[in-house]
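Okay, structure first, notes after.
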Amino acid sequence: MKQRISLAGGLLSLLMAGVATADELNLRPGVTDISQQVYDLHMIILVICVFIGIAVFGVMFWSVIHHRRSAGYEAAKFHESTKLELAWTIVPTLILIGMAIPATQVLVAMYDTGGEDMTVEVRGYQWKWQYKYLDDDYNNTFSFFSNMATTQDEIQNRSAKGENYLLEVDNPLRIPSNRKVRFLVTSEDVIHAWWVPDFGIKRDAVPGMLNELWTVVEEPGIYRGQCTELCGKDHGFMPVVVEVMEEADFDAWYAEEVANESVRQEALSKTFTHEELMEQGEEVYGTFCASCHQPNGQGLPPVFPSLVGSPYIVGPRDDHIKMVIEGVPGTAMQAFGRQLDAAQLAAVVHYERHSWGNDSDDITQPRDVIELSGE
Amino acid sequence: MSEVIHAGQQDDHHDDHHDHGPDKGLARWLFTTNHKDIGTLYLWFSFAMFLVGGVMALVIRTELFQPGLQFVNPEFFNQMTTNHGLIMVFGAIMPAFVGLANWLVPMQVGAPDMALPRMNNLSFWILPFAFGIMISTLFMEGGGPNFGWTFYAPLSTTYAPDSVTFFIFAVHLMGASSIMGSINIIATILNMRAPGMTLMKMPLFIWTWLITAYLLIAVMPVLAGAVTMMLFDIHFGTSFFNAAGGGDPVMFQHIFWFFGHPEVYIMILPAFGVISHIIPAFARKTLFGYDSMVYAVASIAFLSFIVWAHHMFTVGMPLAGQLFFMYTTMLIAIPTGVKVFNWTATMWRGSMTFETPMLFAIAFVVLFTIGGFSGLMLAITPVDYQYHDTYFVVAHFHYVLVPGALFSIIAAVYFWFPKWTGKMYNETLGKLHFWLSFIGVNITFFPQHFSGLAGMPRRIPDYPLQFADFNMVSSVGAFIFGFSQLFFLYVIIHGIRSGTPAKARAWEGAKGLEWTLPSPAPYHSFTHPPKVTDEEVHA
């Protein structure tokens, strides 16, 4: 009997070691000090639960095997025991206190905000993330959107799925290693949740609220997560990808991006040709509009109307521009004036007015958009 | 019946009236005020809803069998997850427990019927309309509810499909039905107990339902308030949950979970009661620690009101708030542990046999406890950040609701089936149903712990490749489980049609006033108050 118990114990610990190491089976230890603490806490609680489970189920199954009528066992008469009942109230209380202490310590450590080296605003949209580097030196203007890069062909099983299927984006958030980065998480529309499992951080992005998070990552690399709060149709298709760069690399990249930013500002006063507008417009449309209005402009009526022959497109151009800038309150049509700059808005409006059989005779320039959004 | 015979000339007319039984045909079911008929209606209705919700679950599992979108689009997938949740919670589990209460409360307290029979009829007949309305939204332009069964604003207000108004109306109807059902149960238990049945002699099913009914009366109006505020935000220009108008989307979650957490216990406390009857019956031994069982249920009910924000740890609360809700949530483990220990101690040194109800009851204790462990893990705030809204949560609540609440309902049906029908179901078929369900439920939900820990978010129609293996296993399990419930239907119909006659005390170890009635129980349970003996009730 003793041998059998030790054999069972051996097998069990082997199994648990296997569970603890296999990626597919357990929580990831992650790459930050916090995520490691969280992982350790998870393992402590898990092991305690497993042992309590073995004890309780062990007693129960011993009873099931031995105390059965078919084995000729006569029922005992007892039905209470104050000592036992006190014991199994007090012992669990002590175990819970033992769990609460490390849990409180980790939680307090997670709330240690402040002392950050840089701040990034994370803003959720249906169904993409916007990252804005809050930096007074550059007027807080440097921001970009991060859209899922997995193609519809892969999702619809028309082509092979890549290694990072559903976990790849066009522009990842880039942050430096070894610096304390603070995130201010919020949303433009519904509630989303921003999660990077390897950093051990997750926070809801709530419209009208700024939630605070922070991390320090030592190991450069690419870390992937997903939106974790149901946010509508494409909830499953808004990955979070963070590229942690060596400090020097990050600084160089950041300097270049900020310089590009001034080029972008210049574009707002340029005059474009029809071809330039169509080219840029198609790109903007594909990223921001196609998930609802579909690549062929047919939409998904009645929720997402078709753009082919739409009254906005057949009608006066300025109404079309204004609608795209301001959105349609109470519907899924967002106010894109807050997401796109005048050059992008001009291009996408122009593209919509000249695609899928729509054929207006006008041309839309960034200054037309600026004029209307100035009102 | 002996009392009836000796009741004398004057009562004869009265007794004749009782003997002629129910109306014939459809009228019997439409206009019935009889607790047994209404209990039967509730149980069949909940089984029908269980199949509807189950088909939705299978649509979900079919889509998730492999990565990529194969069968449904994401929009419809969201409608399936939402309606699966709503139908299972409000249409299957809750009405099933009300059905059990209707059948059992008068028989267990020694009463002829429920205290308020006409309201009883109304509270049932509201339900088919409520669910008819809700299911009809799936066929409306723009689709049905697609915002999750928790319907968080603003996804369920500003961004909701037009059909949300019908959804709100349906929720109001369900709430009205639940409140009426609760009032009826409380009135029956408090006023109609046989002489000698003091509170601390009541069967545990009665105790758990009494407390559950109070929980329902406390929180259903809160839910009604939440959906009414939604209605105003959608149609009348208010901004309760709209940040742009000065409202607060997080307030919706606080209100919802102030209803939602007690709601969770509404679905499990009566299960505790059922299990506390079945285990002693088949262990042939008195329930261990009756008093502490009652206190444990009362403590759990009290705690359910002060733990709600543990569903919202990632929403952004101050540290003190997080700690408060973490500590209170951990406390629930203590009374829950007491219950599990008491059931184990009841089995200990009993003389056990393992008929179908006992198999389901033992599976309940083991698998519910596993759900309790994952619940404790979820209570630990810093770790919950990693688990929150992943499949780990899905695994957790399915473990407490399927092999938890649902298994207890199935166990109750097998246990009281002979009393209800006067027939015994086929034991071999019942055991086969148990093993199919037990294996199916574990294949379905155990792997979801792993995919959750590995990082799979819930409510997604498609997933990254590393989750493929466990999702495939889970889908296979779901089909095994789903089809074994059709087999359950067969076992029941087979039992009703060709079961062998049952004795009054169908299970030799079963205690309680209901077993002193003949099988099947007479149309009006106790026309004269029975004698409450220590032999039948807890002494």
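Below, read A as the first sequence line, B as the second, and so on, with proteins coming before strands; counting in each chain starts at 1.
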Of the backbone (N, CA, C, O) and the side chain (C-beta and beyond), which part of A:Val206 lies under 4.5 Å from a heavy atom of chain B, both, or neither?
side chain
Any donor-acceptor N/O pair, A:Lys202 side chain to B:His388 backbone, under 3.5 Å
yes
Just give me the residue among A:Ala205, A:Pro197, A:Ala193, A:Pro92 that pairs up with chain B most often, heavy atom to heavy atom, under 4.5 Å.
A:Pro197
For the residue pair A:Phe78 and B:Phe288, categorise the inter-ring angle as parallel (less than 30°), tilted (30 to 60°) or perpendicular (more than 60°).
perpendicular
Need one label for A:Met209: side chain, backbone, both or neither, based on atoms under 4.5 Å from any heavy atom in chain B.
side chain
Greatest number of heavy atom pairs closer than 4.5 Å to chain A - which of B:Gly509, B:Gly350, B:Ala296:
B:Gly350
CE/A:Met60 to CE/B:Met347 distance, rounded to the nearest 0.5 angstrom?
5.5 Å
Out of A:Glu74, A:Gln37, A:Gln156, A:Glu85, which one racks up the most heavy-atom pairs below 4.5 Å with chain B?
A:Glu85
Ranking A:Ala109, A:Pro239, A:Ala100, A:Cys227 by heavy-atom pairs under 4.5 Å to chain B gives rank one to A:Ala100
Pick whichever of B:Met456, B:Met352, B:Gln70 has the most heavy-atom pairs under 4.5 Å with chain A.
B:Met352
Please report the interatomic distance CG(B:Leu453) to OH(A:Tyr39), rounded to the nearest 0.5 Å.
10.0 Å
At a 4.5 Å cut-off on heavy atoms, which part of A:Pro207 comes close to chain B: side chain, backbone, both, or neither?
both
Whatever's closer than 4.5 Å to a heavy atom in chain B on A:Asn164 counts as neither
Examine distances only and state if a side-chain atom of A:Asn211 and a backbone atom of B:Val315 form a donor-acceptor pair shorter than 3.5 Å.
yes
Short question: side chain of B:Asn78, backbone of A:Gly232 - any donor-acceptor pair under 3.5 Å?
yes
Please classify the contact of A:Thr82 with chain B as side chain, backbone, both or neither, using a heavy-atom distance under 4.5 Å.
neither
Please rank B:Glu75, B:Gln386, B:Arg284 by heavy-atom pairs under 4.5 Å with chain A and give me the top one.
B:Gln386
Rounded to the nearest 0.5 angstrom, the CG-CG distance for B:Leu465 and A:Leu166 is 7.5 Å
Quick one: NZ on A:Lys77 to OG1 on B:Thr286, what's the gap to the nearest 0.5 Å?
7.5 Å
For chain B, find which of A:Ile45, A:Leu107, A:Thr228, A:Thr150 contributes the most heavy-atom pairs closer than 4.5 angstrom.
A:Leu107
Per-residue contact mode, A:Met110 against chain B (heavy atom under 4.5 angstrom)
side chain
Counting only heavy atoms closer than 4.5 Å, note whether A:Val38 contacts chain B via side chain, backbone, both or neither.
both
How many angstroms lie between atom NE2 of A:His66 and atom CH2 of B:Trp348, to the nearest 0.5 angstrom?
8.5 Å
Top residue by heavy-atom pair count (under 4.5 Å) with chain A, among B:Tyr463, B:Phe392, B:Phe77, B:Tyr387?
B:Tyr387
If you look only at distance, which donor and acceptor atoms sit under 3.5 Å apart when one is on a side chain in residues 317-337 of chain B and the other is two or more places apart or in another chain?
residue: B:Gln322; atom: NE2; partner: A:Tyr111; partner atom: OH; Å: 2.8
residue: B:Gln322; atom: NE2; partner: B:Phe313; partner atom: O; Å: 3.1
residue: B:Gln322; atom: NE2; partner: B:Tyr385; partner atom: OH; Å: 2.9
residue: B:Tyr327; atom: OH; partner: A:Thr104; partner atom: OG1; Å: 2.7
residue: B:Thr328; atom: OG1; partner: B:Ile306; partner atom: O; Å: 3.1
residue: B:Thr328; atom: OG1; partner: B:Phe324; partner atom: O; Å: 3.1
residue: B:Thr328; atom: OG1; partner: B:Phe325; partner atom: O; Å: 3.2
residue: B:Thr329; atom: OG1; partner: B:His310; partner atom: ND1; Å: 2.8
residue: B:Thr329; atom: OG1; partner: B:Phe325; partner atom: O; Å: 2.5
residue: B:Thr336; atom: OG1; partner: B:Ile332; partner atom: O; Å: 2.7

Residue, of A:Leu210, A:Thr89, A:Val64, A:Leu167, that accumulates the most heavy atom pairs under 4.5 Å with chain B
A:Val64
Measure distances from A:Phe57 to the heavy atoms of chain B and classify the residue's part below 4.5 Å as side chain, backbone, both or neither.
side chain
Atom of B:Gly455, atom of A:Gln226 and distance for their closest heavy-atom approach
O-OE1, 4.4 Å
Can you tell me how far CZ of B:Phe147 sits from NE2 of A:His235, rounded to the nearest 0.5 angstrom?
15.5 Å
Heavy-atom count around A:Asp153 CG within 6.0 Å, excluding the residue itself: above 12?
yes
Which of residues 244-253 of chain B get closer than 4.5 angstrom to chain A, counting heavy atoms alone?
B:Pro249, B:Val250, B:Gln253
At a heavy-atom distance under 4.5 Å, which candidate from B:Thr81, B:Ile362, B:Leu155, B:Asn146 has the highest pair count against chain A?
B:Leu155
Do B:Asp462 and A:Glu154 have side-chain heavy atoms sitting under 4.5 Å apart?
no
Just so I understand: if I count every heavy-atom pair under 4.5 Å between each of A:Ser35, A:Gly53, A:Gly208, A:Cys49 and chain B, which residue has the most?
A:Cys49
After noting the C-alpha distance and the side-chain angles of A:Val50 and B:Phe373, does the key distance pass the side chain to side chain contact (heavy atoms under 4.5 Å, CB included) rule?
CA-CA 8 Å; A:Val50 168; B:Phe373 285 140; over 6 Å; no
